There are 2 protein chains.
Amino acid sequence: MSTYLDTGRGANRLVASLDAAGHRLTGPRLAVAELVAAREGHFTAAELLVDADRAQPGIGRATVFRTLDLFTSLGFVERVDLPGGDHAYVACDPVHHHHAICTSCGRSTDVDDVGLGNVLAAIGRRSGFSVTAHRLEIFGLCSACSAERP
Amino acid sequence: MSTYLDTGRGANRLVASLDAAGHRLTGPRLAVAELVAAREGHFTAAELLVDADRAQPGIGRATVFRTLDLFTSLGFVERVDLPGGDHAYVACDPVHHHHAICTSCGRSTDVDDVGLGNVLAAIGRRSGFSVTAHRLEIFGLCSACSAERP
DNA sequence: TATCTAGGTGATACTGTGTCTCATATGGAT
DNA sequence: ATCCATATGAGACACAGTATCACCTAGATA
Ligand SMILES: [Zn+2]
Ligand SMILES: [Zn+2]
Ligand SMILES: [Zn+2]
Ligand SMILES: [Zn+2]
């Protein structure tokens, strides 16, 4: 679980990041940050909208989407595409990494891509492709869930 | 470029595959197959709908989606998620592989994942995750496009 | 070849995301 | 305390994808 958005000390990172990019620290943004931090694993926009409406009735639908976009552009949230094709979001740290998503409980584990760089380089070499970006999503059972149902 | 859906001899594979799964070979399905095969690189559902309406006016919107779904389940088409978040489809062969998508011309090159297996295994070992599926999308410039603008 | 029927189709309405516009409100700089 | 660029909320909107349902047809069978 990522803790970058936690309230208290952790929120400093968010504040600093917003500030650095010239964005204001507003009530709705803090509220969304807390909701995201409170979520375990990935969540859909719809789920967050429900949360938001409960936590702060009157918060605008558009604002939630805008905030999600903003956080995504700052690297605090990442969008993932579930196997079924749905879009979801995951809280995460703003460094390059990937997500291993548990198809049973939905939690996601951050994973760095040691080794993947070499694979991509090899692919590029072989196909003449000059790779500028990649997306890797991993699905399976987390250790807890695979222990439960072996 | 994949050619699995080409008309003529290539269509046999589609026919065989539909047949094997107990699906009928219908006019609309053939039409969509040809449109998909005619497309270079990835395409959105909207683009294919335009094509379909031009090639065979009167073809139902729902039918195009249904056919796309069917082909996807047969492995003849794959859904990809562009960096911008849009959904798109790519023609491909029904064997496990990935797509290197050119962000300039949109063409996609099939890429097998030699080496990725090891990376995933290592990830699984380290995180206790038992990996059952993965999705890798690669973005960059194809050899033609990177030659053009170096 | 004529018949039969499960499976497929098209029209249409609908749901659900995500976006846009615009009048109003507010963070934070001065 | 004032000011204004930025953010917000309301609501309309655009678009992807799905559901329903009466009708149609591929292809199996006799
Ligand atoms: Zn992450
Ligand atoms: Zn789990
Ligand atoms: Zn290209
Ligand atoms: Zn693979």
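Because the structure is predicted, anything quoted here is derived from the model rather than measured. Quick note on labels: first sequence line is chain A, next is B, and so on, each numbered from 1.
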(message) Which nucleotide wins on minimum distance to the side chain of B:Phe65, given the candidates D:dT18, C:dG18, C:dT19?
(response) D:dT18

(message) Let's see if you can work this out: which of D:dT8, C:dG18, C:dT9 has an atom nearest to the side-chain heavy atoms of A:Thr63?
(response) D:dT8

(message) Looking only at the side chain of B:Arg24 (C-beta and beyond, no hydrogens), which of the listed nucleotides C:dA6, D:dA5, D:dA19 gets closest?
(response) C:dA6

(message) When you group the ILVMFWY residues by side-chain heavy-atom contacts below 4.5 Å and let the links chain together, are A:Ile59 and A:Val50 in the same group?
(response) no

(request) Pick base, sugar-phosphate or nothing for B:Gly58, based on heavy-atom distances below 4.0 Å to the nucleic acid. (result) sugar-phosphate

(request) Report the distance from atom CG of A:Asp19 to atom C1' of C:dG27, rounded to the nearest whole Å. (result) 11 Å

(request) Measure the distance from CG on A:Asp81 to C1' on D:dG17 and round it to the nearest whole Å. (result) 16 Å

(message) In whole Å, I'd like the distance from the CG atom of B:Leu30 to the C1' atom of C:dG8.
(response) 14 Å

(message) Among C:dG18, D:dT8, D:dA26, which nucleotide has an atom closest to any side-chain atom of B:Thr26?
(response) D:dA26

(request) Choose from D:dT18, D:dG9, C:dG8 the nucleotide whose nearest atom is closest to any side-chain atom of A:Ile59. (result) D:dG9

(message) Measuring from the side chain of A:Ala46 (C-beta onward, heavy atoms only), which nucleotide among D:dT8, C:dT17, D:dA10 has the closest atom?
(response) C:dT17

(request) Could you tell me the separation between the CG atom of A:Leu70 and the C1' atom of C:dG18, rounded to a whole number of Å? (result) 16 Å

(message) Minimum heavy-atom separation for A:Leu25 and A:Leu30, please, with both atom names.
(response) CD1-CG, 3.9 Å

(message) Classify A:Ala62 by what it touches in the nucleic acid, base, sugar-phosphate, or nothing, heavy-atom distance under 4.0 Å.
(response) base

(request) Rounded to the nearest 0.5 Å, what's the gap from OG on A:Ser143 to CZ on A:Arg107? Could you check? (result) 10.5 Å

(request) Round to a whole Å and report the spacing from CG of B:Asp69 to C1' of D:dT18. (result) 10 Å

(message) I'd like to know if B:Arg61 reaches the base of D:dG17 with its side chain such that a donor and an acceptor end up less than 3.5 angstrom apart.
(response) yes

(request) Take the angle between the ring planes of B:Phe76 and B:Phe71 and call it parallel below 30°, perpendicular above 60°, tilted in between. (result) perpendicular

(message) Without decimals, in angstroms, what is the distance between A:Arg29 CZ and C:dG28 C1'?
(response) 13 Å

(message) How many whole angstroms separate atom CG of B:Leu25 from atom P of D:dA28?
(response) 12 Å

(request) For the side chain of B:His87, starting at C-beta, report the closest nucleotide among D:dG17, C:dG10, D:dA16. (result) D:dG17

(message) On DNA chain C, does the nearest nucleotide to B:Gly60 precede the nearest nucleotide to A:Arg79 from the 5' side, or the other way round? Give the residue.
(response) B:Gly60

(message) By nearest heavy atom, map B:Leu49 and A:Gln56 onto DNA chain D; which one lands nearer the 5' end?
(response) A:Gln56

(message) I'd like to know if A:Arg79 pairs up with B:Asp81 as an ion pair, taking the criterion as any Lys NZ or Arg NE/NH1/NH2 lying under 4.0 Å from an Asp or Glu carboxylate oxygen.
(response) no

(message) Show the nearest heavy-atom pair for residues A:Leu18 and A:Arg24, with the distance to one decimal.
(response) CD1-O, 4.0 Å

(request) Give the nucleotide from the list D:dA7, C:dC20, D:dT8 with an atom nearest to the side chain of A:His23. (result) D:dA7

(request) Measure the distance from CZ on A:Arg66 to C1' on C:dC20 and round it to the nearest whole Å. (result) 9 Å

